[in-house]
Amino acid sequence: AVYKNALKEVTRLKKYSQTLPVEDHSIDMVTSSMVVSQFEFEPYGFMTQVMMQKFGRETLLEMETPLRPYMDKLRDALFILLIEGHIQEMHRVLTGKGRAYFSMENFHLDRITGQWFQVRNFSAILAILEKYFWFDFDTLPGSFVADRVGIMGEESIVQTYVLAPKSLS
């Protein structure tokens, strides 16, 4: 019931948003970067602590497998809510001729297997970006579009996009 209630709360939160104290269409350039793999473990940490206090460690370990799908749904719903709000706000503050410089981790190296994997919800993020922006691949040289970087002791591939706001009216 904890996760089902949390999912209901996320759905309710979609109706509410708070904007930055910046006038609409008043900024020429916005920069943003996201380390998406950070979100891989949240809200697990917080929710696990709450559940452990309520049920104890042994019970929680027994419940983990059946709860995993609910944990994944909650994490994805929270992440999409966060991304959608972030991208909407970038679009809101940019002037019609402004640009957003958006860097985002899209692949992450699994240190155990040595295999690269696409970060969770990457395709959903691109779909949200596409709702609000045109992708500009002419402003930056191709060598700047993707880069292999170290993030918090881990290896990732980060892509950088120059985005032009779409007219939504």
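Hydrogens, waters and symmetry mates play no part in the numbers below; they use all other heavy atoms, side chains included.
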Subject >> Single-linkage hydrophobic cluster Tyr132~Phe79, side-chain heavy atoms < 4.5 angstrom >> reply: yes

**OP:** Could you tell me how the ring of Phe133 sits relative to the ring of His91: parallel (under 30°), tilted (30 to 60°) or perpendicular (over 60°)?
**Re:** perpendicular

Original post:
Considering residues, nucleotides and ligands other than Glu130, do more than 12 of their heavy atoms fall under 6.0 Å from its CD?
Top reply: no

Can you list, pair by pair, the side-chain donor-acceptor contacts under 3.5 Å of residues 50-58, counting residues two or more places apart and other chains?
none

Original post:
How many angstroms lie between atom CD1 of Ile128 and atom NE2 of His86, to the nearest 0.5 angstrom?
Top reply: 11.0 Å

Subject >> Distance, nearest 0.5 Å, that separates CG of Asp72 from CG of Leu67 >> reply: 11.0 Å

Subject >> Gly96 to Pro165 - nearest heavy-atom pair and separation >> reply: O-CG, 3.8 Å

Original post:
Does Ile157 belong to the same Ile/Leu/Val/Met/Phe/Trp/Tyr cluster as Leu129, with side-chain heavy atoms less than 4.5 Å apart forming each link?
Top reply: no

**OP:** Might you work through the salt bridge (charged side-chain N to carboxylate O under 4.0 Å, His left out) test for Asp76 and Lys73, ending with a clear yes or no?
**Re:** CA-CA 5 Å; Asp76 291 347; Lys73 275 186 180 177; over 6 Å; no

**OP:** Give the minimum heavy-atom separation between Met104 and Ile125, together with the two atoms involved.
**Re:** SD-CG2, 3.3 Å

Original post:
Mind checking whether Ile80 and Phe102 sit in one hydrophobic cluster, side chains of I, L, V, M, F, W, Y counted as touching below 4.5 Å?
Top reply: yes

Original post:
Do other residues, nucleotides or ligands put more than 12 heavy atoms under 6.0 Å from Tyr70 OH?
Top reply: no

Subject >> Joint cluster assignment, Ile87 & Leu126, ILVMFWY side-chain distance < 4.5 Å >> reply: yes

**OP:** Considering non-hydrogen atoms only, spot the tightest contact between Ile27 and Val22 and give its length.
**Re:** CD1-CG1, 3.5 Å

Subject >> For Asp24, all residues meeting salt bridge (Lys or Arg N to Asp or Glu O under 4.0 Å), sequence neighbours excluded >> reply: Arg92

**OP:** Check for a donor-acceptor pair, side chain of His25 on one end and backbone N or O of Leu94 on the other, with a separation under 3.5 Å.
**Re:** yes

Original post:
Under 30°, 30 to 60°, or over 60°: which ring-plane class applies to Phe137 and Tyr161, parallel, tilted or perpendicular?
Top reply: perpendicular

Subject >> Minimum heavy-atom distance between Arg99 and Asp136, given as atom pair plus value >> reply: NE-OD2, 3.9 Å

Subject >> Nearest atoms (heavy-atom pairs only) where Phe117 meets Leu109 >> reply: CE2-C, 4.3 Å

Original post:
Is the closest side-chain heavy-atom distance between Trp116 and Glu155 below 4.5 Å?
Top reply: yes

Original post:
Got a sec: does the CH2 of Trp134 have more than 12 other heavy atoms crowding it under 6.0 Å?
Top reply: no

Original post:
If Ile, Leu, Val, Met, Phe, Trp and Tyr residues are connected whenever their side-chain heavy atoms lie under 4.5 Å apart, and connections chain through other members, are Ile83 and Phe135 in the same group?
Top reply: yes

**OP:** Might you point out which heavy atoms bring Val119 and Glu105 nearest each other, and give the distance in Å?
**Re:** CG2-O, 3.3 Å

